[in-house]
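Here's the structure, in structure tokens; my notes come after.
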Amino acid sequence: MIGIVIVSHSRKLSDGLKDVADAMTQVPIPIASAGGVDDPDHPLGTDGIRVLDAIRDVMSDDGVLVFADIGSAKLNAEMAMDLLEPEEQTKVQFCDAPLVEGVLAAAVQIAAGSSLEDAMREARQAVPAPTEAVKQQQDTAQTGGVSREFTIRNPLGLHARPAASLVSAMNAFSGDIRLRNVTKGKTSVNAKSINGVMLSEVARNDRILMVADPAEAEAVFAAIDQLIQENFGEDGIAPVKPEPIRKPVPQPRPPRDVSAGTLTGLSIARGFALGPIRHVRSALPEVEPVSISDPDAEIERFKMALSAAETEINGALSAAGERISAYDRKIFDAHISYLHDPDIIETVLGRISKQHICAEAIWRQVVWDLSRTYAALQDPLLQARAGDVIDVGLRVLRLLMGQGDATDHAAEPSILAYEELRPSDVLTLNQETVLGICAATGGTTSHAAILASALNIPVVFALGDALAAVADGQQVLLDGAAAKITIAPDASAIETMQNERKIWQDHVARAEAVRDLPAETLDGHKVRVAANMASVDELGVIMRSGAQEVGLLRTEFLYMRRDTAPGEDEQYDIYRSIVAGLKGKPLTVRTADIGGDKPVSYLDRPAEANPNLGWRGLRYSLAVPELFETQLAAILRASAHGPVRIMFPLVSTVDEVKAAKQRVQSVMDQLRTRALPFDEGLEIGIMIEVPAAAEMADLIAPEVDFFSIGTNDLTQYVMAADRANPKLKDLFDPFNPAVLRMIAKSIKAAHDADIWIGMCGAMAGSPIAAPILLGLGLDEFSMTPADIAEFKLTLRGLSLSECRNLSARVLGLDTARSVREQASLFLGRHKAMAKTAATP
Amino acid sequence: MADALAGPKTVTGPMIRAWIETSAEVFAANRGHLSDLDSPIGDADHGNNMNRGFNAVLEKLPEGDDIGALLKSVAMTLIAKVGGAAGPLYGTLFLEGSKPLMGKTELSQADLAQFFEDAIAGVKKRGRSDVGMKTMLDALVPASEAFQAETAQGGEILAALRAAANAAESGMKATIPMQAQRGRASYLGERSIGHQDPGATSSYLIVQALSDAVEKASE
Ligand SMILES: Nc1ncnc2c1ncn2[C@@H]1O[C@H](COP(=O)(O)OP(=O)(O)OP(=O)(O)O)[C@@H](O)[C@H]1O
Ligand SMILES: [Mg+2]
């Protein structure tokens, strides 16, 4: 039977609660009381080891629920659970419910034979939260205002830029306006406060309750309606798939002597630079709290600093001119709205007048606390906003302290080193003298990273704390692509770098020159170059990349980070906006590959011991027709607006393909009944990523219009090598002849059946794979947009007939290494040829 | 910038034992002080908690010079005996810190840096906390950073430990103007401003005790 452990500061309380629970249940259930500490003089407290023993006392295969009162009781309960053996841990759950009500509710449930999950849910609900009606009453009572509920529909929710739009609209009104995220059960915040709004974490489809002054409520609500209708200026931008903020990679101990050696981090922008390091101190400095005698004057001084900061930002923005895009400018609009945030300002003013401490110290504290609050949020996008808060904070602090422009970057060209790079730092860079940028921390999704990567200089983040120990003026070599700095490089390292840089620069220039030219070999063979896409945000990049089409739109992002599956209309809107943005270039939409390494909470899928070999891809889609048909309908409807293809992931058998096509047929029938248009001739294809499909490709090909090879999964399954296991790195290599033979077989099957075949795995963009794949006859190469120019450059130096010889040869080789060697040698020869061909 | 001081090149088992004993003495001496600090923003038990914990630590400390084993024993005893939030937090600190040190009878400077880092990572995870929240981390994190910085500049163990203790002390004082965001003190909201955090204070005392113990052993 499921056991219960009661952890309380008081032994009397835990014993007493056990008695009450025992009395309430007909059948005796295992309950252990683990309260108090063994100290007769001071018996209040908790003992982690006692909790551990208690868990083991009531442990059975049915599991254990642990309840705790506050503070250390919770910490000790979690401590004890960590001390359990791993196989014990799987059976124990901490239940975050009010202690007395929770234990009693769970005990009754357990006695009635319910599952651990049900008992836990009942316990959590044991105390009803104040009902919506009560909360609404509180909201309106607070302000004497009128309330109305809205549903936020724009994909990003009330994130930085949309939040800034809302806040600036609300600031046009004079009365109090409150906002409460009803869906997330947040408390009510000041709708004129950017931080209040952002910290409410309003996501798409969340409902918010707005309360406004009766006199202007109608106008306020109309303004909100309008913003919602205009999608908060987002223009159908889909949710960005947030990459987790990467923490600095752990560095080896800071070397004793940081005058030599190398540091490695995260690559933000490639390129090489050689020059002296110049540290730019950008962390929030410590500020001594100084007593002041005239708080009013201090407040005046503070307000002046705020308006000076705004003037500065506007000045820097206009000086930056074309250098930053309209979209990125909005980052700084958000900065300006921090300067107007009533919550922040009131806190600071209040503390100045109460505590009689200088504005600098108070501002620093408020900014720091706020940045920590952001940093502690779940959502990685919001976490990254901590950097923006500090950025604004620093600016105001500098102005308060009467220091001039922080960016006194020496005239001498140098490599700038930051603790953390902030958006403003990028804005004020003097591009003439900045050779490169490195930073000790930072992730790839921060605003600063986005801005810095557009600078055309090498940028590396997350080099670790050791960066601070590199002396000012020290010569370093910065390699953006390798995400590395070499401290005090010797002459040969410098020479190597200079050669590489020269080669790289030439290369970039030559690649740029062919970006928009056709992907055509020297002997006139054309292939299609396509881009892989995983969010609507990438549209601009793709349109500039030289891609002829989108060879793979991953759709998992639509399903992640939300509480319910996306509906047909919502998906249709997104696909349609992509089709429109592509302006006639074909879009290949891959139906959702849910499962495997991409779990989705609301779908209630079973945990699998081996998810990569599990219930995912098309297998799963076929089993949940509703989800599948919704997506098919949305894709089909988008096909009315431009060329669209449907592609199924993780196919293993002919039957699966037939079943999937039947689904498509039935959705088409439904659309006809609904009188909704779609492209009757839309192409349907499958991914070749399971060895079974490659082997059966000749029998699958007649069923479909195209194939696309997914090299990552194909390699992992052919070689039986988990891609996440670093020990299997050599096995997990698509250049293994076994994988190449599978690819060759699929290409032949496709061409025998007169259908085209592409590739959308990582291999497709690899220059050394290009001659092999070309020789094997691949028709379409789909890759990340960043690889396209270079790929075209490679391709345009090759000739199909020679590539055929190469590919025939490598299929007979016995190791991945020798395949790579042959291909590199071949490329080396052809690069020389391409050059001579280019000089008239 | 090498320190001319002829300090030890490694930290030995006996030094760690001396650290633990010094800590126990310090907590006996500061019991009232710590509980006083805990009274305006807590439940006035922190001094008593730490003193009870470290008394028990001394009783249970195993023989031998295996530093990992010594520190693990400290951890398990604190988890059982401290009673307050500091129990699981310091327990985790010593437990996580001890893991890579099992079987070692001598610690290099790099080992010590690693110890600080692992220990702090453990506390952050256990407490779901970070610097700036008015907790022991406000003393511990600057201490670890100062240790690393001094090490990076070529300072030897003792110099690095002194730097760590100084940084812990400043970090402890810096908790005064902070508003607590974790632990009992956070229930007080703004009223927690203006008081020094008891946990940051005990953390400073522990770091200072380490520096003192190593210094004494090398005299
Ligand atoms: N979540 C946390 N993360 C880090 N440190 C914390 C956390 N919670 C409390 N602390 C630290 O613990 C100190 C208080 O320790 P103490 O032993 O007095 O616990 P307590 O608050 O009385 O515990 P209890 O929860 O049992 O009442 C605080 O001063 C603070 O430094
Ligand atoms: Mg206490």
Side-chain angles (χ1 to χ4, degrees), chain A residues 9 36-39 41-53 70-80 82-83 250-259 284 286-287 289 347 350-351 354-355 357 361-362 364-366 368-369 371-373 375-376 464-466 468-471, chain B residues 2 42-43 45 48-49 52-53 56 75-89 91-92 95 108-114 117 122 125-134 145 148-149 151-156 170 174 176-179 181-184 186-187 190 193-194:
Chain A
H9 279 67
V37 275
D38 279 331
D39 179 352
D41 297 332
H42 304 272
L44 292 188
T46 51
D47 168 347
I49 303 300
R50 180 178 284 172
V51 179
L52 180 67
D53 294 341
I70 58 162
S72 71
K74 253 171 98 173
L75 292 176
N76 257 327
E78 288 168 347
M79 176 92 240
D82 281 356
L83 291 173
Q251 289 293 317
R253 303 277 98 248
R256 229 160 217 285
D257 175 8
V258 204
S259 55
L284 214 47
E286 285 302 328
V287 181
T347 314
R351 289 200 202 159
K354 260 190 274 163
Q355 300 175 6
I357 292 179
I362 290 170
R364 187 215 178 263
Q365 190 59 42
V366 169
W368 176 250
D369 289 350
S371 75
R372 300 320 302 169
T373 314
D465 295 341
V470 181
Chain B
D43 50 357
D45 63 356
N48 199 52
N49 290 348
R52 174 174 56 210
M76 299 312 283
T77 311
L78 292 181
I79 291 167
K81 295 296 176 188
V82 169
L89 290 163
T92 306
L95 192 61
S108 67
Q109 197 156 348
D111 288 335
L112 264 185
Q114 186 71 51
E117 210 160 278
K125 197 158 161 239
R126 171 75 52 225
R128 300 191 179 86
S129 42
D130 210 327
V131 277
M133 295 181 169
K134 197 177 184 112
E145 286 171 357
Q148 296 203 7
T151 302
Q153 286 173 20
E156 305 227 320
S170 317
I176 297 175
M178 290 182 188
Q179 178 170 335
Q181 289 171 37
R182 288 289 181 277
R184 270 178 195 263
S186 65
Y187 302 152
E190 288 208 5
I193 294 175

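The chains referred to below are lettered A, B, ... by the order of the sequence lines, with proteins before strands, and numbering in each begins at 1. Predicted model, so just to flag it, every value in this text is computed and none were measured.
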| query | Using non-hydrogen atoms only, which part of B:Ile176 is less than 4.5 Å away from chain A: side chain, backbone, both, or neither? | reply | neither
| remark: Scanning both residues in full, the closest heavy-atom pair of B:Asp45 with B:Asp43 reads OD1-OD1, 2.7 Å
| field | Proximal component of B:Arg126, with respect to chain A [non-hydrogen, under 4.5 Å] | value | both
| field | Residue pair B:Gly194 / B:Lys134: nearest heavy atoms and the distance that separates them | value | N-NZ, 4.2 Å
| Step-by-step side chain to side chain contact (heavy atoms under 4.5 Å, CB included) determination, B:Lys125 to B:Thr92 | CA-CA 9 Å; B:Lys125 197 158 161 239; B:Thr92 306; over 6 Å; no
| said: Need one label for A:Gln365: side chain, backbone, both or neither, based on atoms under 4.5 Å from any heavy atom in chain B. | reply: side chain
| message | Does any backbone or side-chain atom of B:Gln181 lie under 4.5 Å from a heavy atom of chain A? Answer side chain, backbone, both or neither. | response | side chain
| task | Measure across B:Arg52 and B:Val82 and return the closest heavy-atom pair with its distance rounded to 0.1 Å. | result | NH2-O, 2.7 Å
| query | Which heavy-atom pair separates B:Ala152 from A:Ala469 by the least distance, and what is that distance? | reply | CB-CB, 3.8 Å
| query | For A:Ile362, is it the side chain, the backbone, both, or neither that has a heavy atom closer than 4.5 Å to a heavy atom of chain B? | reply | neither
| message | Given heavy-atom pairs under 4.5 angstrom as the criterion, report whether the side chain, backbone, both or neither of B:Leu89 touches chain A. | response | side chain
| note | Nearest heavy-atom approach of B:Thr151 to B:Gln109 is OG1-NE2, 3.0 Å
| task | Sort A:Asp41 into side chain, backbone, both or neither according to what part of it lies under 4.5 angstrom from a heavy atom of chain B. | result | neither
